[in-house]
Enquirer: 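Handing you this structure, nothing more for now.
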Amino acid sequence: AFNALERLPQLRRTLFPDASHALGRTAMTVISQAEQPAWGEFVEHRRWTRGRVVFATLHLVGSDNGLATYPERTPAHDAEVARRTQAAVAWLGETFDSATAQSAGTVVLAWHGNPGFNTPSGARRGYEAVVDTLRTRALRFAGEVLVIHGDSHQQHVDHPLPGSGGVPIANVTRLETFGSPDIGWVRVVVDTVRGRVVSMEQRLIAQRALMF
């Protein structure tokens with residue numbers, strides 16, 4: 001019912017009014033990609049560090065990262081996806097650079113869309129550049145990588161990113177969160193001194209009843 005290109009700036013103004021601080025009772029200091037002149041609109045690309053763990057958010061949404069067809073779609077929508085993906089790839093690389101410089105033990109990445117880790121290369125519409133960059137940087141990173149996303153509504157944890165010969169890259173873990181009809185969340189415990197994820201605990205709030 002709304003023009004996505006109008007809603008996006010409104011969303012940024014509402015939820016990210018201050019590029020250097022996150023919302024909340026205690027305004028946490030963050031680094032934003034918007035501080036770079038070349039990517040000034042991307043206030044939602046954020047990064048912060050706790051001990052030896054580096055956290056970052058990336059704007060990658062479901063429905064083929066915004067490429068899904070709908071009647072009102074125009075070339076301007078395609079251009080928005082292209083630029084946003086370029087920004088996400090750049091932010092992803094900078095996050096690994098920052099983690100390496102800090103000798104971090106773990107990088108935690110959070111976004112929305114399911115990038116199709118298990119989909120054959122070349123068929124990940126909207127996500128190919130991000131997945132390729134993630135694979136390259138994860139293989140070079142000495143620590144662990146935790147990718148958190150939603151979109152597919154099926155909560156699970158696995159090692160989905162294929163490396164050489166199709167063997168999963170061992171230091172990349174994917175945590176997909178709950179979604180309707182199963183409503184819940186996952187508590188992730190992190191040791192910031194060692195820079196390691198200690199545990200992941202499912203917290204299911206409501207589940208659709210099965211009718212026979």
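Keep in mind it's a predicted model, so treat the numbers as computed, not measured.
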Enquirer: Write down the atom of Val30, the atom of Glu35, and the distance for their closest heavy-atom approach.
Expert: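 What the structure gives for the nearest pair is O-OE2, 4.0 Å.
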Enquirer: Using the side-chain hydrogen bond (donor to acceptor under 3.5 Å, both in side chains) criterion, which residues pair with Arg137? Sequence neighbours excluded.
Expert: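 Listed in chain order: Asp97.
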Enquirer: Short question: side chain of Arg52, backbone of Arg194 - any donor-acceptor pair under 3.5 Å?
Expert: yes
Enquirer: By the ring pair (Phe, Tyr, Trp, His ring centres under 6.0 Å) test, which pairs, at least two apart or in different chains, include something from residues 120-148?
Expert: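 Non-adjacent pairs meeting ring pair (Phe, Tyr, Trp, His ring centres under 6.0 Å): Phe96-Phe141.
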Enquirer: To the nearest 0.5 Å, what is the distance between OG1 on Thr119 and CD on Glu128?
Expert: 9.0 Å
Enquirer: Give a yes or no on whether the backbone of Val172 and the side-chain of His159 come within a donor-acceptor separation of less than 3.5 Å.
Expert: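 Checked: pair present.
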Enquirer: Report yes or no: do Ile183 and Leu204 belong to one cluster of Ile/Leu/Val/Met/Phe/Trp/Tyr joined by side chain heavy-atom distances under 4.5 Å?
Expert: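 Unlinked, Ile183 and Leu204 end up in two clusters.
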Enquirer: Between CG of Leu8 and CG of Asn3, what distance do you get to the nearest 0.5 Å?
Expert: 10.5 Å
Enquirer: Tell me, with the steps shown, if Phe117 and Leu134 meet side chain to side chain contact (heavy atoms under 4.5 Å, CB included).
Expert: CA-CA 11 Å; Phe117 286 125; Leu134 177 62; 3.7 Å; yes
Enquirer: List, by chain and then residue number, the residues other than Trp39 in its hydrophobic cluster (Ile/Leu/Val/Met/Phe/Trp/Tyr, side-chain heavy atoms under 4.5 Å); write none if there are no others.
Expert: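 Besides Trp39, the cluster holds Phe42.
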Enquirer: Okay, side chain of Glu176, backbone of Ser152: is any donor-acceptor separation there less than 3.5 Å?
Expert: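 Flag set: sc Glu176 to bb Ser152 pair under 3.5 Å.
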Enquirer: Using links of under 4.5 Å between side-chain heavy atoms of ILVMFWY residues, direct or through other members, which residues join Val81 in one cluster?
Expert: Leu67
Enquirer: Find out if a path of hydrophobic residues (ILVMFWY) with successive side-chain heavy-atom gaps under 4.5 Å connects Leu161 to Val89.
Expert: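 Yes, because Leu161 and Val89 connect within a single hydrophobic cluster, where side-chain heavy atoms sit under 4.5 Å apart.
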Enquirer: Would Val157 end up clustered with Val145 when hydrophobic side chains under 4.5 Å apart are linked, directly or stepwise?
Expert: no
Enquirer: Quick one: do Arg47 and Val54 satisfy side chain to side chain contact (heavy atoms under 4.5 Å, CB included)? Show the steps, please.
Expert: CA-CA 7 Å; Arg47 185 170 65 244; Val54 174; 3.8 Å; yes
Enquirer: Do any N or O atoms from the side chain of Arg124 and from the backbone of Gly116 form a donor-acceptor pair under 3.5 angstrom?
Expert: yes
Enquirer: Any idea which heavy atoms bring Gly40 and Val43 closest together, and the distance?
Expert: O-CG1, 4.5 Å
Enquirer: Please check: side-chain N/O of Gln33 versus main-chain N/O of Ala87, any donor-acceptor pairing under 3.5 Å?
Expert: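 Judged by distance alone, yes, a pair lies under 3.5 Å.
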Enquirer: Are any non-hydrogen side-chain atoms of Ser164 and Val167 less than 4.5 angstrom apart?
Expert: no
Enquirer: Just how far is it from atom CG of Asn65 to atom NE2 of His59, taken to the nearest 0.5 Å?
Expert: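 Result: 7.5 Å between the selected atoms.
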Enquirer: Check whether any side-chain N or O of Asp151 sits under 3.5 Å from a backbone N or O of His112 as a donor-acceptor pair, and report yes or no.
Expert: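 It does not hold such a pair.
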Enquirer: Return yes if some donor-acceptor pair links the side-chain N/O of Asn171 with the main-chain N/O of Ala138 below 3.5 Å, else return no.
Expert: yes
Enquirer: Taking only residues two or more places apart in sequence, or in another chain, which ones meet Phe55 in a ring pair (Phe, Tyr, Trp, His ring centres under 6.0 Å)?
Expert: Trp48
Enquirer: Distance-only criterion, 3.5 Å: show the donor-acceptor pairs between side-chain atoms of residues 19-29 and protein atoms not counting sequence neighbours.
Expert:
unit_1: Ser20; atom_1: OG; unit_2: Asp18; atom_2: OD1; d: 2.9
unit_1: His21; atom_1: ND1; unit_2: Asp18; atom_2: OD2; d: 3.0

Enquirer: If the condition is salt bridge (charged side-chain N to carboxylate O under 4.0 Å, His left out), which residues does Glu72 pass it with, not counting sequence neighbours?
Expert: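 Expected list: none.
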Enquirer: Taking Val61 as the starting point, is it possible to reach Trp111 by hopping between hydrophobic residues whose side chains are less than 4.5 Å apart?
Expert: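 No, because Trp111 and Val61 fall into different hydrophobic clusters, even though each may have its own neighbours under 4.5 Å.
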Enquirer: Might you point out which heavy atoms bring Thr106 and Val108 nearest each other, and give the distance in Å?
Expert: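 Reported closest heavy-atom pair: CG2-CG2, 4.0 Å.
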Enquirer: Report yes if some heavy atom in the side chain of Val107 is under 4.5 Å from a heavy atom in the side chain of Thr95; otherwise report no.
Expert: yes
Enquirer: Using the ring pair (Phe, Tyr, Trp, His ring centres under 6.0 Å) criterion, which residues pair with His156? Sequence neighbours excluded.
Expert: none
Enquirer: Please round to the nearest 0.5 Å and tell me the distance separating atom CG of Leu60 and atom CG of Leu92.
Expert: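 Reported to 0.5 Å precision, the distance equals 8.5 Å.
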Enquirer: Tell me, with the steps shown, if Met200 and Leu146 meet side chain to side chain contact (heavy atoms under 4.5 Å, CB included).
Expert: CA-CA 11 Å; Met200 301 184 197; Leu146 174 61; 3.6 Å; yes
Enquirer: Closest approach of Ser199 and Glu201, non-hydrogen atoms and distance?
Expert: OG-OE2, 3.5 Å
Enquirer: For a quick test of reading the model, state the closest non-hydrogen atom pair linking Val53 to Gly195 and the distance between them.
Expert: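 Minimum heavy-atom separation between Val53 and Gly195: CG2-CA, 3.9 Å.
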Enquirer: Test of understanding: with salt bridge (charged side-chain N to carboxylate O under 4.0 Å, His left out), list the residues that count as partners of Glu41, not counting sequence neighbours.
Expert: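 Testing Glu41 for salt bridge (charged side-chain N to carboxylate O under 4.0 Å, His left out), a comparison that skips the adjacent residues, returns Arg83.
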Enquirer: Apply salt bridge (charged side-chain N to carboxylate O under 4.0 Å, His left out) to Glu80 and list each qualifying residue two or more places apart in sequence or on a separate chain.
Expert: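 Per chain and number, Glu80 pairs via salt bridge (charged side-chain N to carboxylate O under 4.0 Å, His left out) with Arg84.
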Enquirer: What's the shortest heavy-atom distance between Asp64 and Ala68, and which atoms?
Expert: CB-N, 4.2 Å
Enquirer: Apart from Ile205 itself, what residues make up its hydrophobic cluster when side-chain heavy atoms of I, L, V, M, F, W and Y under 4.5 Å apart count as a link, directly or indirectly?
Expert: Trp185
Enquirer: Roughly how far, to the nearest 0.5 Å, is the OG1 atom of Thr85 from the CG atom of Leu58?
Expert: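 Output value for this atom pair is 10.5 Å.
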Enquirer: Would you call the rings of Tyr70 and His77 parallel, tilted or perpendicular, taking 30° and 60° as the class edges?
Expert: perpendicular
Enquirer: In Å and rounded to the nearest 0.5 Å, what is the OG1 to CD distance from Thr57 to Glu44?
Expert: 7.5 Å
Enquirer: Under the side-chain hydrogen bond (donor to acceptor under 3.5 Å, both in side chains) test, which residues partner Arg73, sequence neighbours left out?
Expert: Asp78
Enquirer: Hey, mind stepping through Gln36 and Trp91 against side chain to side chain contact (heavy atoms under 4.5 Å, CB included) and telling me if it holds?
Expert: CA-CA 11 Å; Gln36 304 174 24; Trp91 193 236; 3.9 Å; yes
